[in-house]
Amino acid sequence: MAYVASRLTVTITLMADQEEEQGNTGDQNRKPQDLPQVLLLKPPPVLSVIGEQSFLSNKYQFLKAWESPLPLHQFLTAHAGTIQAILCSGSAPVTDDLLQLLPSVRLVVTASAGTNHIDLEACHRRGISVTNAGNVFSDDGADEAVGLLIDVLRKITASDRYVRQGLWVSEGAYPLGSKLRGKRVGIVGMGSIGLEVAKRLEAFGCNVLYNSRKKKTFLSYPFYSDVCQLAAHSDALIICCALTDQTRHMIDKDVFSALGKEGVIVNIGRGAIVDEKEMVRFLVHGEIAGAGLDVFENEPDVPKELFELDNVVLSPHRAVFTPESFVSLCELVVGNLEAFFSNKPLLSPVMDV
């Protein structure tokens, strides 16, 4: 009986393998025009860097809106029945109006960690699943956040300019920077990036505090439900949270006042989480000690006042972008799309319906 059962198991396994091979062969034999369509409104940065070839699959085909001579509305109307998924990024928002034109869409894949450019409520209402970059950017984002903090505290790029301009010779020694070890660093948003930031700061001997939507029971760091209270107990704030209606301008004048004249702010989240006008005012008047900024409220426009300040380090929204992270992102994007068109579980769902 054991022998029969064993043979039966082998037979079932072989049949399953043959069916999968036949399915794969069927996919390979399908002509491009027969494949389900994935809409690209604009090429995401990762596509421009790595190239489209890495994103190709026998499970789907891309439909590139920017290559069509038709106005966008006409283009979408012409393909409304065949577009089943959208690959987007921050420069190509997925709005309720857009989805209204595309009744066959059942998946939105974004090539970013944030989803503030997607109308999640409209997706939920229409039964559309959404995926994001998952944890792909966590390491690089955390590295950049800590790097910006060190740069501001130790005046690295400011002293580099000082040397390059010949001021070391003419003006003498540059003002001292500040020690990182022992600093109380408040992390706003303890998601995957925030957790990686905390690990790095611990290694530097910092005292980590945090604010998040909910207290993380597995963390021993002090939790503050109120951002002002977090700022009042911190020497620096690092913004890692997502941009939502609730977090827009969450870092306001009250938070800056609580942070105080010796406080530093680092933002790798989204520019609009910070009330930028208030931040500029506090920096210009010396009401906070400095800032490391990778994101801005109206990118690529940056407040001109910041250019004149040596205690501010600026980065062009590249905190999480490295060749390595782009390769991982490419694999994740393709994996999500292939899983969707194969009726398999999504790899990094933000919202699965």
Side-chain angles (χ1 to χ4, degrees), residues 16-17 19-65 82-94 99 102 104-118 120 123-124 126-142 191-193 195-196 242 319-353:
D17 289 344
E19 288 178 1
E20 185 172 353
E21 288 177 3
Q22 290 172 358
N24 290 337
T25 302
D27 285 335
Q28 292 170 358
N29 291 334
R30 291 170 73 181
K31 298 178 181 179
Q33 61 266 29
D34 298 329
L35 295 174
Q37 293 180 329
V38 177
L39 174 66
L40 281 171
L41 291 169
K42 293 181 180 179
V46 63
L47 195 74
S48 303
V49 173
I50 293 184
E52 184 183 333
Q53 193 65 30
S54 301
F55 289 83
L56 300 182
S57 169
N58 57 16
K59 301 286 186 183
Y60 57 83
Q61 61 173 320
F62 284 132
L63 190 63
K64 305 169 194 173
T82 56
I83 296 173
Q84 298 183 35
I86 301 173
L87 172 57
C88 68
S89 62
S91 62
V94 175
L99 294 173
L102 304 172
S104 297
V105 167
R106 289 294 173 265
L107 175 69
V108 173
V109 176
T110 180
S112 64
T115 56
N116 55 289
H117 55 289
I118 301 172
L120 295 178
C123 288
H124 179 73
R126 290 179 164 83
I128 298 172
S129 297
V130 179
T131 71
N132 71 346
N135 296 331
V136 162
F137 293 135
S138 299
D139 282 334
D140 293 315
S192 59
I193 293 179
L195 286 169
E196 292 299 327
V320 300
F321 292 166
T322 63
E324 295 87 351
S325 69
F326 272 175
V327 169
S328 298
L329 177 61
C330 171
E331 294 171 353
L332 183 62
V333 166
V334 172
N336 273 317
L337 288 169
E338 289 190 338
F340 173 74
F341 289 117
S342 301
N343 293 315
K344 294 179 180 179
L346 299 171
L347 304 183
S348 58
V350 174
M351 184 171 62
D352 202 357
V353 294

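Throughout, residue positions are numbered sequentially from 1 according to the sequence presented.
Residues Leu120 and Val130 meet the side-chain proximity criterion, which asks for heavy atoms closer than 4.5 Å. Considering only heavy atoms from C-beta on, Leu63 comes within 4.5 Å of Ile83 through its side chain. The closest side-chain heavy-atom distance from Glu52 to Leu47 is below 4.5 Å. Side-chain contact between Thr131 and Leu337 is absent, with no heavy-atom pair separated by less than 4.5 Å. You'll find the side chain of Val108 stays beyond 4.5 Å of the side chain of Thr115, heavy atoms only.
With sequence neighbours excluded, the residues satisfying side-chain contact (heavy atoms from CB on, under 4.5 Å) with Glu324 are Thr322. In terms of the side chain to side chain donor-acceptor pair (under 3.5 Å) criterion, His124 has no residue partners (sequence neighbours excluded). Taking Lys42 as the reference, nothing meets the salt bridge (charged side-chain N to carboxylate O under 4.0 Å, His left out) condition, with sequence neighbours excluded. Applying the side chain to side chain donor-acceptor pair (under 3.5 Å) rule to Ser91 yields the partners Ser89; only residues at least two apart in sequence or on another chain are considered. With sequence neighbours excluded, the residues satisfying side chain to side chain donor-acceptor pair (under 3.5 Å) with Thr82 are Gln37. Residues satisfying the side-chain contact (heavy atoms from CB on, under 4.5 Å) criterion with Gln84, sequence neighbours excluded, are Pro36, Phe341.
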Show your reasoning for whether side chain to side chain contact (heavy atoms under 4.5 Å, CB included) applies to Leu39 and Val105.
CA-CA 9 Å; Leu39 174 66; Val105 167; over 6 Å; no

Evaluate side chain to side chain contact (heavy atoms under 4.5 Å, CB included) for Leu40 paired with Val38, printing each intermediate quantity in order.
CA-CA 7 Å; Leu40 281 171; Val38 177; 5.5 Å; no

Trace of the side chain to side chain contact (heavy atoms under 4.5 Å, CB included) decision for Leu332 with Val109
CA-CA 10 Å; Leu332 183 62; Val109 176; over 6 Å; no

Please evaluate residues Leu35 and Asn58 with respect to the criterion side chain to side chain contact (heavy atoms under 4.5 Å, CB included), reporting the C-alpha separation (whole Å), side-chain torsions for both, the decisive distance (0.1 Å), and the verdict.
CA-CA 8 Å; Leu35 295 174; Asn58 57 16; 5.5 Å; no

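What you find for Gly141 and Val320 is that their closest heavy atoms are CA-CG1, 3.7 Å. Pairing each heavy atom of Arg106 with each of Gly127, the nearest pair is CD-O, 3.9 Å. The two residues Ala111 and Phe137 come nearest to each other via the heavy atoms O-CE1, 4.0 Å. Considering all non-hydrogen atoms of both residues, Val334 and Phe55 come closest at CG2-CA, 3.7 Å. Between Val136 and Leu329 the shortest heavy-atom distance is CG1-N, 3.8 Å. When all heavy atoms are compared, the tightest approach of Ser54 to Cys330 is O-SG, 3.4 Å.
From Leu99, atom CG reaches atom SG of Cys123 across 5.0 Å, with rounding to the nearest 0.5 Å. Rounding to the nearest 0.5 angstrom, the gap separating the CG atom in Leu41 from the CD1 atom in Ile86 is 6.5 Å.
Defined by atom type and a distance below 3.5 Å, a donor-acceptor pair is missing between the side-chain atoms of Glu196 and Ser138. Under the 3.5 Å distance criterion, with hydrogens and angles disregarded, no donor-acceptor pair is assigned to the side chains of Thr110 and Asn132.
The closest donor-acceptor contact from the side chain of Ser129 to the backbone of Val353 lies under 3.5 Å. Of the possible polar contacts, none joining the Ser342 side chain to the Lys344 backbone as a donor-acceptor pair under 3.5 Å is found.
Below 30°, between 30° and 60°, or above 60°: for Phe321 and Phe326 the angle between ring planes is between 30° and 60°, a tilted geometry.
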